[in-house]
Number of protein chains: 2
Amino acid sequence: MGEATIRDVARRAEVSVASVSRALNGLNNVRGETRERIVAAAKELGYVPHAGARSLSLARAHAIGVVLPDLHGEFFSECVRGMDREASRRGYVLLLSNMHDDSEQSAAALRTMRGRVDGLLVMAPHITPESLERALPAALPAVLINAPGEVAARPALRLDNHAGAHAMVEHLLAGGYRHIVHIAGPESNVDAQERLQGYRDALAALAPDMPVRVIAGDFNEEAGEAAARQILASHEPCDAVFAANDMMAIGCLHTLRQAGKRVPEDIAVAGFDDVPLARYLALTTIEVRIAEIGARAVSRLVDMLEGKGPGGGVELYAPELIARATTAARTGATAHG
Amino acid sequence: MGEATIRDVARRAEVSVASVSRALNGLNNVRGETRERIVAAAKELGYVPHAGARSLSLARAHAIGVVLPDLHGEFFSECVRGMDREASRRGYVLLLSNMHDDSEQSAAALRTMRGRVDGLLVMAPHITPESLERALPAALPAVLINAPGEVAARPALRLDNHAGAHAMVEHLLAGGYRHIVHIAGPESNVDAQERLQGYRDALAALAPDMPVRVIAGDFNEEAGEAAARQILASHEPCDAVFAANDMMAIGCLHTLRQAGKRVPEDIAVAGFDDVPLARYLALTTIEVRIAEIGARAVSRLVDMLEGKGPGGGVELYAPELIARATTAARTGATAHG
DNA sequence: TTGTATGCGTTATCAA
DNA sequence: TTGATAACGCATACAA
């Protein structure tokens with residue numbers, strides 16, 4: 001009942017399995033006529049090599065394990081899309097596993113990868129370096145994406161959140177905004193941490209006299225709405241909001257407008273990520289080319305696997321600011337407002 | 001250098017590999033004291049079973065191959081998320097492969113799955129049943145999602161596009177709209193075909209005196225923009241547009257508004273899919289619970305693999321209409337206009 | 001150029 | 001209760 005094996009092909013072509021293997025793998029030490037017979041037999045039987053057996057024999061699975069957290073939709077798919085594109089280009093398959101917040105589950109996810117993949121791509125913005133290092137099989141090559149801190153000299157790709165946040169604060173100041181409030185992401189999330197720090201540092205460097213004001217959030221839209229209500233209720237001045245991601249910015253935007261505020265005339269709003277929604281709402285944000293990062297991560301990992309590169313080092317990806325209507329410059333504003 | 005194998009554990013515990021296998025797999029025919037020694041040795045060596053070897057021996061990989069087309073972002077991720085959730089719940093891993101339009105690549109994608117997975121989940125709204133049947137390994141259980149036609153009695157999950165489109169036309173007519181134009185999706189896409197047919201059938205059944213007018217599209221925003229321009233330039237009456245998906249509806253919506261049309265006062269607009277954007281633009285649409293479909297597909301496949309179900313048959317998923325502002329009822333409208 | 005035999009890491013069968 | 005050993009499907013060193 002099962003599929004044809006290499007032995008069936010050998011029998012049909014009246015040769016040994018070794019010859020079949022050689023012929024089908026394109027080795028040159030096989031006579032032309034023999035090869036033809038083998039190829040014909042394989043075709044007739046619809047023979048497809050058993051990848052599992054093959055990888056056991058070769059000690060290469062030509063598969064890459066991908067461990068991602070529960071990302072926001074668009075982000076997740078774009079990342080996987082970029083990875084898949086590069087992986088299939090280089091002859092690898094992707095083994096996917098969502099990593100849930102539970103670090104126990106994460107470890108289990110990593111374990112099931114053993115013996116199925118040649119290397120790992122791990123995005124873990126919320127796991128401590130220590131527990132990540134513990135869960136990561138030492139012998140398995142891995143590329144880390146947006147992991148906090150340095151993990152055991154593993155090659156890593158990181159979004160330059162700090163630079164992005166810095167650029168955004170600079171942009172707002174240049175537009176004439178002075179009292180910039182930051183809605184932060186989850187404290188345990190390294191992206192959120194770096195964006196917050198970028199905000200702080202930019203303010204300290206470019207407008208040291210202006211107040212630093214941070215409202216806690218969790219990357220969800222509701223947090224943005226709550227922050228907006230807090231800002232509206234407060235008596236402290238605020239002419240611009242910089243949220244740590246677009247979803248919070250969007251929630252904030254809506255709540256402000258519903259309360260009768262004009263954006264950006266009364267108060268500017270900016271986000272981070274450039275989700276598709278951002279374009280439609282004309283929300284100023286920071287573009288994160290996540291698909292590109294995913295593809296690059298695969299490329300680096302495959303280079304390692306094939307001994308083509310040293311692998312080491314952290315690569316930083318600079319995101320780009322997309323200025324839109326929600327932060328249009330105040331009339332008469334100058335760069336040094 | 002490599003990871004510890006079962007033999008290393010056996011050596012360390014001073015038992016045979018057979019005992020190690022038994023102990024670690026929870027068989028009861030192993031003495032308590034022996035089991036403890038084995039477990040201890042495994043832990044000390046950080047032993048993790050080699051899934052590849054295991055699946056070769058068991059003839060079960062505990063992996064599911066997922067072949068998806070190049071879906072719109074949110075759709076793709078939601079689908080995979082639903083699948084992953086159910087798969088990990090039932091102890092399976094997902095092997096992912098984007099299937100590009102090229103049917104050659106698709107066949108290749110399916111081939112690389114052989115020997116790695118126990119079953120297949122295939123979403124192929126744009127491949128003919130014949131070529132899909134040809135590419136599908138006969139011996140591999142598979143569940144089809146939104147595949148055109150019946151493929152070799154494979155169990156299938158399908159979105160009831162026809163019912164969704166029908167419901168939308170009914171909704172528009174009830175709102176007092178009479179001249180409803182449909183912007184179709186790609187001709188080769190079965191979802192698009194069914195939505196178009198639903199539109200035709202609903203109109204024929206509920207408003208046979210009203211004109212059927214279809215503008216060709218391709219599911220992209222630009223097609224919606226082009227359709228809007230066509231509608232604006234035309235002298236034929238049109239008070240509602242029903243696009244085969246949200247992206248085209250959104251493109252249409254923007255172009256109409258930019259041309260000074262009021263929506264829905266001058267012309268109503270509706271889509272299909274309920275992408276996140278739709279909510280923000282208050283676009284009436286049809287909600288497609290794609291994650292649920294993905295999870296259900298996994299569930300059915302695993303049932304088949306574990307002999308728990310017959311598997312056969314086509315399951316239809318009824319989508320739900322989400323009425324929003326872009327199709328608000330005309331003042332004074334009645335259900336029978 | 002071809003075939004034989006061994007190993008990849010596991011599980012399962014059969015004896016002991 | 002344990003151990004030796006034959007699969008699983010393939011690739012490859014070595015012989016012929």
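Sequence lines set the chain letters: A, B, ... in the order given, protein chains first and strands last, and positions in each chain run from 1.
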Roughly, in whole Å, what's the span from [atom1] in [X] to [atom2] in [N]?
{"X": "B/Leu56", "N": "D/dG9", "atom1": "CG", "atom2": "C1'", "result": "6 Å"}
{"X": "A/Arg37", "N": "C/dT2", "atom1": "CZ", "atom2": "C1'", "result": "11 Å"}
{"X": "B/Leu58", "N": "C/dT13", "atom1": "CG", "atom2": "P", "result": "11 Å"}
{"X": "A/Arg54", "N": "D/dC10", "atom1": "CZ", "atom2": "C1'", "result": "8 Å"}
{"X": "B/Leu24", "N": "D/dT2", "atom1": "CG", "atom2": "P", "result": "14 Å"}
{"X": "B/Arg35", "N": "D/dT1", "atom1": "CZ", "atom2": "P", "result": "10 Å"}
{"X": "A/His50", "N": "D/dA11", "atom1": "NE2", "atom2": "C1'", "result": "15 Å"}
{"X": "A/Glu33", "N": "C/dT2", "atom1": "CD", "atom2": "P", "result": "8 Å"}

Listed partners of B/Asp118 passing side-chain hydrogen bond (donor to acceptor under 3.5 Å, both in side chains), at least two apart: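 Expected list: B/Arg60.
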All side-chain hydrogen bond (donor to acceptor under 3.5 Å, both in side chains) counterparts of A/Arg12, not counting sequence neighbours: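 A/Arg12 satisfies side-chain hydrogen bond (donor to acceptor under 3.5 Å, both in side chains) with A/Glu44 once adjacent residues are dropped.
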Taking only side-chain N and O atoms of [X], does any of them lie within less than 4.0 angstrom of OP1 or OP2 on [N]?
{"X": "B/Asn29", "N": "D/dT2", "value": "no"}
{"X": "B/Thr34", "N": "D/dT1", "value": "no"}
{"X": "A/Ser57", "N": "C/dC8", "value": "no"}
{"X": "B/Ser16", "N": "D/dT2", "value": "no"}

A/Arg54-A/Asn25 side chain donor-acceptor pair, cut-off 3.5 Å: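 Looking only at side-chain atoms, A/Asn25 and A/Arg54 do form a donor-acceptor pair, the distance falling under 3.5 Å.
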Base, sugar-phosphate or nothing for [X]? Non-hydrogen atoms, less than 4.0 Å.
{"X": "A/Arg114", "result": "sugar-phosphate"}
{"X": "B/Ser19", "result": "sugar-phosphate"}
{"X": "B/Ala18", "result": "base"}

Upstream residue (5' side of DNA chain D) when B/Arg31 and A/Thr5 are each assigned their closest nucleotide: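 Per heavy-atom nearest nucleotide, the more 5' residue is B/Arg31.
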Residue whose nearest DNA chain D nucleotide is more 5′ - A/Val20 or A/Arg7: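 The residue mapped nearer the 5' terminus is A/Arg7.
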Whether A/Asp84 side chain and B/Asn98 backbone form a donor-acceptor pair below 3.5 Å: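 Yes: the side chain of A/Asp84 pairs with the backbone of B/Asn98.
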Side chains of B/Leu121 and B/Val67 in contact at under 4.5 Å (non-hydrogen atoms):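 In short, these two side chains do not touch, never coming nearer than 4.5 Å.
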Quiz item: A/Arg22 side-chain donor-acceptor pair to C/dG3 base, under 3.5 Å: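 Yes.
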Closest-nucleotide 5' rank along DNA chain C - winner of A/Ala53 and A/Val15: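 Checking each residue's closest nucleotide, the 5'-ward one belongs to A/Val15.
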